[in-house]
Structures are given as C-alpha cells and as structure tokens.
Amino acid sequence: MALAHNLGFPRIGRDRELKKAQEAFWKGELDEAGLRAVGRELRANHWQVQKNAGIDLLPVGDFAWYDQVLTHSLTFGVIPERFRGHDNAKPTLQTLFAMARGAVGNKSGDSCCGGAHAQPLLAQELTKWFDTNYHYLVPEFSADQQFELSWEQLFEEVEEAHALGHAVKPVVIGPLTYLWLGKAKGSDFDKLDLVERLLPLYGQIFRRLAAQGVEWVQIDEPILVLDLPQAWKNAFERVYNLLQSEPLKKLVATYFGGLEDNLGLASSLPVDGLHIDLVRAPEQFPSILDRLPAYKIVSLGVVNGRNVWRCDLEKALEVVRHAHERLGERLWVAPSCSLLHSPVDLEREDKLDAELKSWLAFAVQKCAEVAVLARAVNQPEAPEVLAALELSRTVQASRAASPRIHKSAVQARLAAIKPADSQRHSAFAERIAKQRAGLDLPDFPTTTIGSFPQTASIRLARQSFKQGKLSEAAYTEAMHSEIRHAVQIQEQLGLDVLVHGEAERNDMVEYFAEQLDGYVFTRFGWVQSYGSRCVKPAVIYGDLSRPKAMTVEWIKYAQSLTGKVMKGMLTGPVTMLMWSFPREDVSREVQARQLALAIRDEVVDLEAAGIRIVQIDEAAFREGLPLRQSAWGQYLDWATESFRLCASGVRDETQIHTHMCYSEFNDVIESIAAMDADVITIETSRSDMELLEAFEKFEYPNEIGPGVYDIHSPRVPSKDEMVKLLRKAARRIPAERLWVNPDCGLKTRAWPETEAALVNMVAAARELRRDVALLS
Ligand code: GLN
Ligand code: ZN
C-alpha cells in the first residue's frame, strides 16, 4: 500500500480564525483560555479535514501560535536573556508573544519606537523562510548557549490528536536547519559548534514521543537543497549517525528545490525515509531511486504546496506509478512542501466563476489530490480514482485550449520583441545630460518614494467606493482632494520632485493586478506571511495585457496642480510576478515579459501625458533570487531584461527611477547596473550608509538616492543626523549623482511625523548644497 501523508497544513483557518483570535488576545479582548480554545478547535478541524480528504498520516507540530521556528526556540529553551524573567521560570504564552512582537507597551509590534522611560524589549528579527513569502523569527544563539526542553506544546498536541483517534506524525525542524536559520549573537563563534549541545534535546523529544505511542517523526531539513559549506555537509552525517540510536522511524524532509550535490548525502543518511520535492525539482526522479538503500521509504512531493493550481493528476500519476513498481510498500505520496504556503479551502470561494474555480486547488483540495494519487496505485480501478482522473483530464484540456488563458495578440507581441526594445536610445551619460537640462533640478534633489500617509479617511473612501456606497464622481473627488493636499504640502516643504501620494492604492501590486487582463482575485485565498499577518496574492491565470491606462489620469491631475516635476509611480514586472501566484503552464520569464509590456505601455502613456520622471518600483527584485547560486545568472538575466523592456519605450529626456527596499546589493550589483535606471533609490539609513560600499566599489555609473531616514518608525530624525548620513554618502558616491529621499514609501506613517521629518530632510539637502558651493 502506498501511503498518503501531509507535511503540514495551514494553521490560520479557512476564515483566518487564528488571526482574529491572536489579535483579540493582544488587545485584551480574549483571554488565554479563549485563545487556546480557538487553537484546539482549529487543530481538531484541520486533522479531520485532512483525514476526510484521505490522508493516512496526519502532521502534528504544524500548528504555531505565531511561527513554527519560534515554537522550536521555546521548545529548546533558546530564549534570549531579555525575555527571561528574574526567576528563570519556564516561558509562557506571554514570553512567546514578547519574543515575536517586542515587549508590552510597544504598539503593534513596531519595535523601533520605544518611549523615553521603559527600555523596549526588541522583538526577534523576522526574515523570509527560504524563497517563500512566509517570515520566521530568527533564533538568537549565544556562545554559551544552553538547551533545555522548555515547552510542552508538541507533546500536548500529539496527545490531543491521539485522543481524537488520529494516526499522526509529529513534524520537527531538523537540528541543522534550525541552527542554520539562527544567528550567532555577541561574541564571534560558529553556530554549528552548538550542535553537540542541541542534539540531546532531539533524543529527549523522540523518546517522549515514542512513549506517547508515536511511530514516525518527520524531520524537516530543507537546507539540504541549498549550497552547503563542507562543514555543514559533514555535520549531517555525524548528527544523523548520533540520532540513529534514538527511537522512532525518521523521515527526513527536503523541499523548495533539488538535492543536487547533496543527493548522495541525503539518501545515505541513516534514517528510515526521505521526502523530496518533485514539483520544484522533477529531475531528481528517478535517479534518486537508484541511490536510495533498499530499506528506505521514499516520499514523493508531487502536488505543489506553494501554488493554487489543480494538480495534473495523470502527469503526477506517471511518476507515482513508476515509483510504485520499484518501491511497492515503500512509497509515500505527499505535497511538495508544507501546505502552509497555500490558501486553505477553495470551497469557500463563492464568487469565483465556475470555470476558473475548476482550475484551482487550495490546501484541502491538495490533500484530496495526494490521497487520490496514492489510491490510484493501491486500487487503480476504484471508481473515485477513475472519476478524479477523468475530471483532471477535462480540466487540463480546458485550460490548454481556453481563449481566456491563451491570447494570440499577447503572444504575437511577445514574439516580436527585438533586443533594441530593451535598450534606451542613448547611453546613460547622454541621457542624463538631456534630463538635467530639461528638469532643471538643484544638486542633491529631494524627493519621496511615492506613498504618503494612508489616513483613515482615504481607506474609508476606497472601501465605500468598492462597496458601491460612493459614486465614482465622489470617489474621484475624494482622491483629488488627497492629491491636492499632498501636492500643497510638498510645495510648502520645498521638495524638488513631487509625487501624487498613491492614495488610490491599497497595495502596490493589487492596484495594478486589478486593472490587468489575465489576473483574478480570490476572496479567501489568504496565506500567512508572519504572525497574524496574512496576504492574499492575486492569481495570474492567463496571458497578461493592459486594456487601458491605469495611472495616467491621477498623475496628470497631480501634475496640473504644480509647476514642479511630478513623478509617475508604477510597480515593476518582477515585483508584480513575485507577489502573485504565477501560472505553471508557462515560465516565470514569459509572465515577467508580458507584465513588462503592459507596464511599458503605461510608461509611454505617462510620457505622452507630459510626465517627465517615472519611477518603476522593484521591491521584490532581490527576493526572486533562486536558492542555488548556480541558478542566479538565468534569473538575473530575465529579471533585468524585463525591467529594461518596461523602461525603454521612452525618450532620452524622460528620467526612469527605480526603487528597492533593502540595500544588500553586493552580490547583484552588476544586474542592478544592467537595469540601467537613471536613478535608483534604496534603503540605507539603518546601515549608516555602509551598504553604499557595493555601489562605490562597482563604480555604479547612474544616480542614487540612498535613504536618509527610516520610515518604519515614527521617530523624526534631526537635520544633523541626515546631513551626517549624506556627507558619508558623498564620500562614496560623487555628489552630483546623489539624491535625497527617505528609505521607502510613507504610507504607514502619520502626517505630523512625516512633515516634520521631511522639513529636516529638505534642510539637510540645502546644507549639503552649501557644502558643495563652498568647495567649488
Ligand atoms: N512606491 C511605493 C510606496 O511608496 C514603494 C513601496 C515599496 O517599495 N515597498 O509605497
Ligand atoms: Zn521600499
């Protein structure tokens, strides 16, 4: 019998019940018992749903009050000093939330804005979980780190599941992945050295689980799909040899990529089974079968855990069948990775048109797909199996031929792209001369990144309009009034390049996705991003095109109010793609090009409307980098090419800006230069301009606006602080190529601190101009 199992189920609930309970608890509207009851109900429900879908072995340990990595930190007693009570008592739920969100009295987890008195307890750092949009809390290790079993959640949940009569498989993050994800704090030491001390905890956990009657444990080691230093590879052998003597059958799970050079290592680990991701890395099959010792089970991840498309069951079954012939009983079927990364239940989508809905599958449906694939080798003639295969065939056929997906006009345009289309007419030196002559800006020109505070009244107007309670005319007037307000303030402040403020946008991707053909929105397709924060990415289902201009009226209106230069504001193709659920029937590259052509048209229309500067944000450019370095080149090629394609339809005189919200550019600086934006604005204030080093060393040729103040906090930086940063920047980048701007958009800020900070920023720029005047 091939067995159907799941690596993890989304914890948020089909109506985001967990989010609502967490937030109510934080506000004091729900007590701890109430919060725990919501968790218990969600877990019970999720196990039942998976079981009903046909999953044989259910995951436990995939539930978390905030984040599964944080749960592990508590389990191992990896609790930084600042969160420990005086008596060193066991951590509580309060400890957990303090580690996640910072200390009490610290509004909304924004940890950078402590009051004058209480020393705020800084939350642990959040960072992206591999190449997903999920963020985990980074464990903090000290050189003398001790590990101690400090949190009972896993054992309690196993007991809970057993009481409900379920066969379960606890899921833990493996020791090496856990250490890899953390950060060595304080003195300089190698966190890998901690593994000897950490390992006994796994022994303790496995023994306790065994005593609870558990048979299998899933040990997640996704770092096996990364480029690992030799010391870490060696550690794998050592660690798993030591763990071998501990009880439980062990399934090592890898996902998000192929094992590649770690294939031999992973398949020879002395454990009882190995899970591999055949969605991301189908080429691992069937060679993996030749490498695996004959006693091991193989879990094949054939249903995509990270996207929303219905699985092509026939295609997947080919692989599963072949594996079954070789492995028989030793075959398990699974999603490619935990379903944490997929929305919960498609059945909830009551407004989606039937055809589109028939193409999709969320977590609940994916469990059923896994189950039917296992069933298909166990009982090939079962009527449910035949029906599911038949339906899958129909769906695949309908998608392959659907005129809603395949647009010949878009494809023809894509095919006709010439190299020259991705190339500005002249080189930067020539362009910038023309731009300077036309724009007539001072040295150290000041600008902002696009958005201004999204006030309650803006959100209300947008919402009322969406709900049909506000007429289009009234809505337009409400937005115009916001634009007038923003322009007036910017003129008063003396900013040089103005923006319209983005009042009409609730999100930099959604705003455009809503206006492009080929995108669809779900109502309940939420995925956890971090803690209680969920995102609902738009879905690219077909060839993408722009039926009509998307931003021109707003920007034109803003420009009509001022004699200063108004900057048009767009989101770039790579960011549009990264923050959406992409198609699987065409490459990411093709989708990026289609987006690029749509945005290119918008850039050209803005130019025709008299707009002389257009900013194309690429906030997600760096996060698109593949996990393996060997795949970087290819990604960077199409990503930069897509940007250039969207930016190159304009005359030399039109200035193209781009913006990226981070500043680690060392390893991609060549590609950033290849994007050939006339001006790039980046986030640098918190790094004290150190991170400009990449641009200095590379002799980055175009103009740069290194952010001079942090927008994540309401703190108003003084003029002198910003002057200092700018002088530092001017030592690295020639002054005539520097712009002055905040780190990022200001939409999460309020007006008072925004105005105060910008007053100081403009004053700082003026002081720098005096510096330069004195020198010359
Ligand atoms: N133009 C956007 C804004 O100002 C950019 C946001 C971002 O890069 N994340 O809000
Ligand atoms: Zn930004």
Side-chain angles (χ1 to χ4, degrees), residues 126 128 133 135 446-455 458-459 462 479 482-483 486-487 489-490 495 497-513 529-530 533 535 537 550-551 554-555 558 566-580 599 602-603 606 611 613-624 639 643 646-647 655-665 672 675 677 679-687 691 704-713 739-751 753-754 757-758 761:
L126 265 181
K128 279 164 73 70
N133 258 325
H135 300 72
T446 53
T447 190
T448 59
I449 306 304
S451 58
F452 275 123
Q454 287 259 330
T455 57
I458 293 180
R459 270 176 272 145
R462 245 186 358 236
M479 293 300 117
E482 294 298 338
I483 293 174
V487 168
I489 288 184
Q490 293 173 87
L495 285 158
V497 172
L498 311 196
V499 295
H500 79 298
E502 300 182 26
E504 78 286 6
R505 307 180 190 175
N506 56 340
D507 177 274
M508 64 190 284
V509 169
E510 189 177 303
Y511 180 76
F512 294 96
S529 171
Y530 62 88
R533 188 173 159 81
V535 294
M550 304 181 280
T551 62
W554 300 124
I555 313 282
M566 180 60 57
K567 177 163 70 164
M569 198 59 59
L570 304 172
T571 300
V574 180
T575 302
M576 290 292 298
L577 178 65
M578 287 310 156
W579 292 350
S580 308
I599 298 159
E602 189 74 14
V603 179
L606 283 169
I611 302 303
I613 301 186
V614 180
Q615 176 175 314
I616 307 167
D617 292 327
E618 279 294 22
F621 189 84
R622 194 174 199 292
E623 69 182 59
F643 181 85
C646 80
Q655 188 166 72
I656 299 291
H657 290 211
T658 190
H659 166 72
M660 299 186 187
C661 317
Y662 42 79
S663 38
E664 312 116 53
F665 290 107
I672 301 297
M675 286 167 73
V679 181
I680 181 170
T681 57
I682 57 177
E683 173 176 330
T684 30
S685 74
R686 280 185 292 185
S687 81
L691 293 152
I704 311 180
V708 292
Y709 84 86
D710 178 18
I711 54 85
H712 299 99
S713 141
W739 283 65
V740 179
N741 46 262
D743 270 347
C744 192
L746 296 159
K747 70 174 175 196
T748 56
R749 295 273 58 90
W751 271 111
E753 76 246 21
T754 298
L758 291 175
M761 188 185 89

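Counting convention: from 1, in listed order, for ligands and their atoms alike. Heavy atoms only: backbone and side chains are in, while hydrogens, waters and symmetry mates are out. The first residue in the sequence is number 1, and the count goes up from there.
- At under 3.5 Å, not a single nitrogen or oxygen of Q615, backbone or side chain, sits near a nitrogen or oxygen of ligand 1.
- The pair E502-K747 fails the salt-bridge criterion, with no side-chain N (NZ, NE, NH1 or NH2) lying under 4.0 Å from an Asp/Glu carboxylate O.
- Side-chain contact check for R533 and H135: no donor-acceptor pair (N or O, by modelled atom type) lies under 3.5 Å.
- For ligand 1, the atoms closer than 4.0 angstrom to any heavy atom of G745 are 3 (C), 4 (O), 10 (O).
- Checking side-chain atoms of S529 against main-chain N and O of V535 turns up no donor-acceptor pair under 3.5 Å.
- Of all protein heavy atoms, the one closest to atom 6 (C) of ligand 1 is M508 SD, 3.6 Å.
- Close contacts between ligand 1 and G450 involve ligand atoms 4 (O) [criterion: under 4.0 Å to a heavy atom].
- For the pair R462 (side chain) and R505 (backbone), a donor-acceptor distance under 3.5 Å is present.
- Across all their heavy atoms, W739 and P706 have their closest contact at O-CD, 3.6 Å.
- Near A619, meaning under 4.0 Å from any of its heavy atoms, are these atoms of ligand 1: 8 (O).
- In this structure, N133 and E623 have side chains that are in contact, with non-hydrogen atoms separated by less than 4.5 Å.
- Taking each heavy atom of T684 and D743 in turn, the nearest pair found is N-OD1, 3.0 Å.
- Any N or O atom pair closer than 3.5 Å counts here, and K747 shares no such pair with ligand 1.
- No side-chain heavy atom of W554 sits less than 4.5 Å from a side-chain heavy atom of M569.
- With the Zn ion (ligand 2) as the vertex, SG (C744) and SG (C661) define an angle of 120°, rounded to 10°.
- In M660, neither the side chain nor the backbone holds a heavy atom less than 4.0 Å from any atom of ligand 1.
- The atom of H659 that is an N, O or S and sits closest to the Zn ion (ligand 2) is NE2.
- At the top of the distance list for atom 2 (C) of ligand 1, counting protein heavy atoms only, stands D617 OD2, 3.3 Å.
- Not a single N or O atom of C661, backbone or side chain, sits closer than 3.5 Å to an N or O atom of ligand 1.
- Closest to atom 10 (O) of ligand 1 among all protein heavy atoms lies S451 OG, 2.7 Å.
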